Amino acid sequence: MLPKCPICSSVLNNVETELRPVVLRDCGHVLCFACFHAVIKNKPGICPFRCGADSAQSGRERPLRAQDGRIVTLSFKEADPQRDTRAAIDKRRAELGRARMGVRKRFKELSGDVAHLKVLVRNQEGIIDGRFKYIARQRATVDRLRAQVALKQQVLDDAHRRLDALRARGQNSTEAPDVSLVYVACAPARRIDVHTRC
């Protein structure tokens, strides 16, 4: 059986230029010269079989160029199963090697991205911890001020109650009140009787 171009199904030969076989260097696929010329004219021109061999080393698809194809001469020889099997194994090893290189490169890129993200996370955690500590300090300050306000309010309420009691005793009693324990918050503080005003 004569070999055919897998794209246009034309029989390949060594005579007609348009039907001469062309081997793609990256993946080893074979197609006729006319189809290869049509592929490299497309934007972007990549392997028509989408095998990914052209992106295994670079990590992305690159356009095919004229030097990526090699015109070969057909040679009709009797099949040698041992030789053909060895060639197939070598080709598969080469494909796996290219794929492994692509995976390693991608793994290295992802490792760098992960390391960068870890640094960002640590920085954000530090910022968040600092903000939590600041909030805790502010909350402690607010609690302390509230306690001081409550204490001063209590002192003020006690002073009002004593003053009211003194006024009531002064209005309802005709006797001189016992002022030995009566103090009013004045500046300066002094002992006064019920008729003294601050």
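One is the number of the first residue; the rest follow in order along the sequence. This is a predicted model, so every value here is computed, not measured.
- In this structure, Leu145 stands alone, with no Ile, Leu, Val, Met, Phe, Trp or Tyr side-chain heavy atom under 4.5 Å from its own, directly or through other members.
- For the pair Phe33/Leu19, no side-chain contact is recorded, criterion being any heavy-atom separation below 4.5 Å from C-beta on.
- What you find for Arg20 and Glu16 is that their closest heavy atoms are CG-O, 3.0 Å.
- Counting heavy atoms from C-beta outward, Leu12 and Val30 have side chains that approach closer than 4.5 Å.
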Side-chain donor-acceptor pairs of residues 111-135 under 3.5 Å, sequence neighbours excluded:
{"residue": "Ser111", "atom": "OG", "partner": "Phe107", "partner atom": "O", "Å": "2.8"}
{"residue": "Asn123", "atom": "ND2", "partner": "Val119", "partner atom": "O", "Å": "3.3"}

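- Here the side chains of Arg104 and Lys108 are not in contact, with every heavy-atom distance at 4.5 Å or above.
- Contact annotation: the side chain of Leu31 approaches that of Leu24 to within less than 4.5 Å [non-hydrogen atoms, C-beta and beyond].
- Applying the side chain to side chain donor-acceptor pair (under 3.5 Å) rule to pairs touching residues 135-154 yields Gln153-Asp157, sequence neighbours excluded.
- Side-chain atoms of Cys32 and Val22, non-hydrogen and from C-beta on, never get closer than 4.5 Å to each other.
- One finds the CG atom of Asn14 at 10.5 Å from the CD1 atom of Ile71 (value rounded to the nearest 0.5 Å).
- The side-chain hydrogen bond (donor to acceptor under 3.5 Å, both in side chains) test applied to Arg92 returns Glu95, not counting sequence neighbours.
- Under the side-chain contact (heavy atoms from CB on, under 4.5 Å) criterion, His37 pairs with Ile40, Lys41, sequence neighbours left out.
- With sequence neighbours excluded, no residue satisfies side-chain hydrogen bond (donor to acceptor under 3.5 Å, both in side chains) with Arg100.
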